[in-house]
Number of protein chains: 2
Amino acid sequence: MARLSRKESHALTRERLISTASALFLADGYNVTSLERVATEAGFSKGAVYSNFATKHELGLAVLDRVRLERAVSLAEAVADAGDAEARIEAFAAWAEDNIGDVGWTTLEVEFATSTRHLPEVRPRLADRRREITQIVASLIDQQSEELGLALPMPSEDAAVQLLSLGIGLGVQRAFDPELPVRSLVDLLRSMLDRARAVSR
Amino acid sequence: MARLSRKESHALTRERLISTASALFLADGYNVTSLERVATEAGFSKGAVYSNFATKHELGLAVLDRVRLERAVSLAEAVADAGDAEARIEAFAAWAEDNIGDVGWTTLEVEFATSTRHLPEVRPRLADRRREITQIVASLIDQQSEELGLALPMPSEDAAVQLLSLGIGLGVQRAFDPELPVRSLVDLLRSMLDRARAVSR
DNA sequence: GTCTATAAATCGATAGAC
DNA sequence: GTCTATCGATTTATAGAC
């Protein structure tokens, strides 16, 4: 076992901080979680946090980048394998139930956005990330409709905005009212597909 | 001019506090606005706030109740007068541009919900209000489709959930990225109406 | 690079005078 | 019912030791 270089060690504590911050932010929320708590739970002191992240929202952005990537990969995997359109919708429905139902993600994203939207150094980066994830979802839609031989009734980017926005809205409401079903999201996708079939004939 | 009774005076300062709190919460956000600031701007001291509202989130709920009612009325009025279906969609589009575009409302609603969702005395009331506003929107949809002689492709409550969720999601994203157009919301409504026509024939 | 100790500032909420 | 004064608790961020 080789000794860790300074860079490797630095990267490792950074990783560990992001990991435990993810868990805490998702479980308890961004505002309510102090950096003290993050540091302690990760096995460090607050000083270590500040030697890795200039501010709390810098850590917040890093956490969200990681969580967002995880969920995007998870979604892509969920719908990739399935067979025909109906099977893929079922796969999406199951994913939505676990992930839009996993209220923490959307809620964290939204709590962070609404709490930091006034900070001039954060705002443009939120916008960048929004466009990024919209493009990712649009690409996924393009890929899926190509595989299924369908032409959507609208540009894939518009479909992505619709699905993402609906998902965000649902996630927020489910954060305080878990009774609300994710069905609407699946319904929207299904209605898109129905209209796509008609077009492609 | 009669002297104000104790009750009237109390109601008046309560009104004034809600008014200025609305303005401040909408402009700057809920968390960032201190009760000190609300009190001063309304021409009172912090003690007056606490003699009218037990806690800050109690004031927050009162503010949201007022804002929500205002917007619901404004929406109902906007679509009430118009003529055929297309004219009503245009009216809705204009309303959405000004109100979903008026980022403050959605953002405040969402910031408050994500920030207070853990408080046991707030959470159930958020859920109550969600169901309430969903019912209001559903009623509006019922009324509209009856006037237009249309049968929607889904229960009006499902349509309400879809439109509300999409509106919330859009509003949140527009809070930090105003470039995002409200078009998707209008598109969704239009697609509902298109399918409604087909059903009613 | 990390830790300890502390600064600095804020804010929600309360107590008591009027 | 409102005002003044203050408590009490918290948190981000920094300074200096190791």
Side-chain angles (χ1 to χ4, degrees), chain A residues 2-21 24-25 27-63 111-112 115-122, chain B residues 2-21 24-25 27-64 111-112 114-122:
Chain A
R3 184 84 134 307
L4 291 180
S5 76
R6 210 163 312 196
K7 245 184 195 168
E8 287 168 336
S9 160
H10 188 248
L12 189 67
T13 64
R14 200 186 144 91
E15 274 308 295
R16 206 173 306 177
L17 285 172
I18 294 183
S19 275
T20 68
L24 291 174
F25 288 173
D28 299 341
Y30 173 78
N31 289 307
V32 100
T33 303
S34 70
L35 291 183
E36 172 89 47
R37 177 109 191 276
V38 173
T40 308
E41 209 107 338
F44 295 96
S45 78
K46 225 180 350 175
V49 177
Y50 278 98
S51 89
N52 281 275
F53 302 94
T55 59
K56 186 183 182 182
H57 51 255
E58 212 66 38
L59 172 60
L61 285 169
V63 164
E111 183 191 1
F112 184 80
S115 303
T116 61
R117 83 200 122 111
H118 286 118
L119 304 178
E121 69 272 27
V122 176
Chain B
R3 184 84 135 305
L4 291 180
S5 76
R6 211 165 312 197
K7 243 184 197 167
E8 287 167 335
S9 161
H10 188 249
L12 189 67
T13 64
R14 199 185 144 90
E15 275 307 294
R16 205 173 306 178
L17 284 172
I18 295 183
S19 275
T20 68
L24 290 174
F25 288 172
D28 299 341
Y30 172 77
N31 289 307
V32 100
T33 303
S34 68
L35 291 182
E36 172 90 47
R37 177 110 191 277
V38 173
T40 308
E41 209 106 341
F44 295 97
S45 77
K46 221 177 359 173
V49 177
Y50 278 98
S51 91
N52 281 275
F53 301 94
T55 59
K56 184 183 184 183
H57 50 255
E58 212 66 39
L59 173 59
L61 284 169
V63 164
L64 280 177
E111 183 190 359
F112 184 79
T114 52
S115 303
T116 60
R117 83 199 120 112
H118 286 117
L119 304 179
E121 70 272 27
V122 176

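By convention in this document, chain letters (A, B, ...) are assigned in the order of the sequence lines, proteins followed by strands, and residues within each chain are numbered from 1.
- Nucleic acid contact class of A:Ser34 (heavy atoms, under 4.0 Å, all strands): sugar-phosphate only.
- For C:dA13, neither phosphate oxygen OP1 nor OP2 lies less than 4.0 angstrom from any side-chain nitrogen or oxygen of B:Thr55.
- As a whole-Å value, the separation of B:Lys46 NZ from C:dA13 P is 10 Å.
- Whole-Å rounding puts the A:Phe53 CZ to C:dT2 P distance at 11 Å.
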| Can you check side chain to side chain contact (heavy atoms under 4.5 Å, CB included) on A:Arg37 and A:Asp28, steps first, answer last? | CA-CA 11 Å; A:Arg37 177 109 191 276; A:Asp28 299 341; 3.2 Å; yes
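- For B:Ser45 and D:dT2, the shortest distance from a side-chain N or O to OP1 or OP2 is not below 4.0 Å.
- Taking the side chain as every heavy atom from C-beta outward, B:Phe53 and B:Leu61 never approach each other to under 4.5 Å.
- Put simply, CZ on A:Phe44 and CG on A:Leu35 are 14.5 Å apart, with the number rounded to the nearest 0.5 Å.
- In this entry the distance linking CG of B:Leu35 with C1' of C:dA13 reads 9 Å, nearest Å.
- The B:Asn52 side chain lies nearest to D:dT2 when the options are D:dT2, C:dC3, C:dA13.
- As a whole-Å value, the separation of B:Asn31 CG from D:dT11 C1' is 14 Å.
- Put simply, OG1 on A:Thr116 and NZ on A:Lys56 are 11.0 Å apart, with the number rounded to the nearest 0.5 Å.
- In this structure, OH of B:Tyr30 is placed 13 Å from P of C:dC11, rounded to the nearest angstrom.
- Atom CG in B:Leu119 sits roughly 13 Å away from atom P in C:dG12 (whole-Å rounding).
- When distances are taken from the side chain of B:His10 to each of D:dG1, D:dT12, D:dC3, the shortest belongs to D:dG1.
- No side-chain donor-acceptor contact under 3.5 Å links B:Ser115 to the backbone of B:Phe112.
- Distance, A:Phe44 CZ to C:dT2 P: 6 Å, rounded to whole Å.
- In this structure, B:Tyr50 atom OH and D:dT2 atom P are separated by 15 Å, rounded to whole Å.
- Residue A:Thr13 places at least one side-chain N or O closer than 4.0 Å to OP1 or OP2 of C:dT2.
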